[in-house]
Each structure stands twice: as C-alpha cells, then as structure tokens.
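Structure first, then comments.
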Amino acid sequence: MLLELFIRGITIGLVYALMGVGLALLNGVMRIINFAHGEFYMIGGYMAYYSSTMLGFPFYFSVPTAMIVTFLLGAVVEKLLLSPIHTQEMEKPMDYALIMTFGLLLFFRQLAIKIFGPFRHKPADYITSDVYILGVKISGNEVLAGVVSAILVIGLALFIKKTWRGRGWRATTQSRNGAKINGVDIGKESWIACGVACALAGAAGALVAPIFTLSPTIGGSPLVKSYEVMAIGGLGSIAGSLVAGLMLGITETLGAFYISSAYKDAIGFLMMGFFLLFRPQGLFGQK
C-alpha cells in the first residue's frame, strides 16, 4: 500500500510540477504573478475534451491541440494586456499585473460558463487499461499524465539551458537591462514566454481531464498548487518546481490516506507556510 501511495503521489506531483514550472517561468521572465494561470489549465482541459469527443482525436493529438490553443491565447493576452509592463514606464507594474490577471481570471471563468455551460464533463479515458509498476496497479491515465508532465518539464529545462532563446530568458531573469544591452528583445521574449507558460498549464489540464471532471471553476485549485510549488521550490527555479511538485504530491497523497482526505489541501498550505517562515527563498531560490 505504501508503494502504491508513493507512485500515485509521484504521478500527481509531476502534474503539480508542470503547473508550477509555468508560473515560475512567467515570474522569472516577466516578473509577474499570473492569477489567471489556473484558467488556462481549465481551458486546456476543455480543449482536450472537445477535440477528443467532437473531433475524435486520440490523446497524442488532444494534448498538443490544448497546448497550441493555450499558447496562442497566452501570447495574445500578453500582447494586448500585459505588454505595457515592459513597453511603458509604469509606476507600479506589479500592481497592474495583479489587477489585470485577476480580471482575466473572472473573465475567463464567466466566459467558460457561457460557452461550455455550468455542467461537469469528463472525456473518455486516454488509456483504458491499467499499468503495473513494481507490482502495483496504477491507472493508465495517471501514468500517462505523470510521464508526459515529466517529459515537458525536462524538455523545458533543456530548452532553457541549451538554446539561444533559453539563455535570453535566463539573462532576462537575472537583469532586464543587461539582457537588453546584449541584444535580447524583451517584448518578443515576454510574449513567447507567456505563451509557453500558458501552454504548460493547458497541457496539465488536458492530461488530467480524464481523471478529474471538468467545470468552469476548476482553475482555483491548480492555481493554489502552482503557488505552493513555486514558493517551496523557489521563484523562477525549474529544478525547484520539479522537486517541490514531487514533495507536494507525495506528502498530500500520504496525508490524505493516513490522516484524512479532508486535510489534503491543508497539507500544502502547511508546507508552504513552513518554507516561507524558515526558508523564504525556497529550495533552490536565491536570497
């Protein structure tokens, strides 16, 4: 039983890491906190649902479809609403970003109710059979979500480390003025990074859509998990987001089984509070 709980915790923890790493990327490049991050998770889930039910796409088309739609939507949001943060001299850009993204949260939620309706939906299973790991039977959907989440997180880490654009993002995270001097187009990199961050959230929503039901209000919990992962792992740290997501997933799964499922969400808050009190920079963050 303990091994099964660990494996289930790892799979959900990898999805948490995927959500958290997108928020960390956006915070690092644009220096903002996106309150609407969970709504892109919700939109990704709906895109996967409709592409699989109406168009008959298998999961290897449904998940990329969700990522493409949320990437484009995130890029448009950055260009139309968030670009004044770096294109104009603003007295309080963080306050502007917080108000704007919170407004987006409300807008996307109400728009989803109008378009998709208030009812709950659940797409068909991506993988109908169970998977045995070390003799433990795990749902194929859970394993798929964990494996693809790990691939996306590791792929993003390699992209940031190996490519010119990734080095530009790292330079922007360290010093925006220094990045400009070295030829980084802050405006262009900001909308691309915003699109990638939203695409990662959309991928997370699409991957877990067959596991959890879809509704226009499901973005709240993933948003909270993203904040917890980012606070525990450290602002802007991909490695920290991965480790924090695994820690959070395993701890919540064990706590829900051995204590009570009613305290599952409280465990994440307690972990975040512990790190904010005793290590506010997080596991891999800088002071």
Side-chain angles (χ1 to χ4, degrees), residues 16 19-46 69-116 118 169 172-173 175-177 179-180 185-202 204-205 215-237 241 265 268-269 272-273 276 280-282 285:
Y16 288 166
M19 285 292 296
V21 78
L23 200 63
L25 173 64
L26 199 59
N27 178 265
V29 176
M30 295 187 64
R31 310 287 177 84
I32 67 170
I33 299 297
N34 182 13
F35 274 127
H37 195 62
E39 308 317 300
F40 288 95
Y41 167 98
M42 175 266 292
I43 293 170
Y46 274 110
V69 171
T70 48
F71 173 87
L72 295 174
L73 185 58
V76 169
V77 164
E78 195 283 331
K79 293 294 287 184
L80 296 181
L81 301 176
L82 300 179
S83 58
I85 294 172
H86 53 79
T87 59
Q88 301 177 11
E89 292 294 333
M90 302 187 67
E91 183 178 355
K92 296 181 178 180
M94 180 61 75
D95 292 347
Y96 171 86
L98 291 176
I99 294 171
M100 185 59 69
T101 56
F102 185 74
L104 281 172
L105 182 155
L106 300 177
F107 172 76
F108 282 138
R109 187 168 295 183
Q110 293 302 315
L111 185 64
I113 293 175
K114 295 294 184 181
I115 296 177
F116 306 127
W169 288 354
T172 304
T173 300
S175 172
R176 296 177 73 86
N177 291 330
K180 287 181 181 179
D185 187 339
I186 300 297
K188 181 179 180 180
E189 300 309 320
S190 292
W191 73 258
I192 294 176
C194 186
V196 170
C198 294
L200 295 177
S215 74
T217 59
I218 61 170
S221 179
L223 177 65
V224 172
K225 301 302 179 186
S226 301
Y227 283 134
E228 292 170 354
V229 167
M230 191 170 63
I232 296 170
L235 294 177
S237 173
S241 296
D265 292 331
F269 277 111
M272 182 175 66
L276 291 176
Q281 72 270 26

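The structure presented is a predicted model; accordingly, all values stated were derived computationally and were not measured.
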**OP:** Quick one: do Val77 and Phe108 satisfy side chain to side chain contact (heavy atoms under 4.5 Å, CB included)? Show the steps, please.
**Re:** CA-CA 12 Å; Val77 164; Phe108 282 138; 4.2 Å; yes

Please check: side-chain N/O of [X] versus main-chain N/O of [Y], any donor-acceptor pairing under 3.5 Å?
| X | Y | result |
| --- | --- | --- |
| His37 | Ala201 | no |
| Arg176 | Val29 | yes |
| Thr101 | Asn34 | no |
| Arg109 | Gly219 | no |

Original post:
Is any side-chain heavy atom of Leu200 less than 4.5 Å from a side-chain heavy atom of Phe71?
Top reply: no

Original post:
So, are Lys225 and Asp265 salt-bridged, with charged N and O less than 4.0 Å apart?
Top reply: yes

**OP:** Applying side chain to side chain contact (heavy atoms under 4.5 Å, CB included), run through Phe102 and Leu98 and close with a yes or a no.
**Re:** CA-CA 6 Å; Phe102 185 74; Leu98 291 176; over 6 Å; no

**OP:** Report the C-alpha separation of Leu105 and Leu223 in whole Å, then their side-chain angles, then the decisive distance to 0.1 Å, and conclude whether the side chain to side chain contact (heavy atoms under 4.5 Å, CB included) test is met.
**Re:** CA-CA 10 Å; Leu105 182 155; Leu223 177 65; 4.2 Å; yes

Distance, nearest 0.5 Å, that separates [atom1] of [X] from [atom2] of [Y]:
| X | Y | atom1 | atom2 | result |
| --- | --- | --- | --- | --- |
| Ile32 | Asn27 | CD1 | CG | 8.5 Å |
| Phe40 | Leu23 | CZ | CG | 11.5 Å |
| Leu26 | Glu78 | CG | CD | 8.5 Å |
| Tyr41 | Ser226 | OH | OG | 9.5 Å |
| Leu104 | Phe35 | CG | CZ | 12.0 Å |
| Leu111 | Glu39 | CG | CD | 11.0 Å |

**OP:** Carefully, step by step, assess Ile33 and Tyr227 under the rule side chain to side chain contact (heavy atoms under 4.5 Å, CB included).
**Re:** CA-CA 9 Å; Ile33 299 297; Tyr227 283 134; 2.9 Å; yes

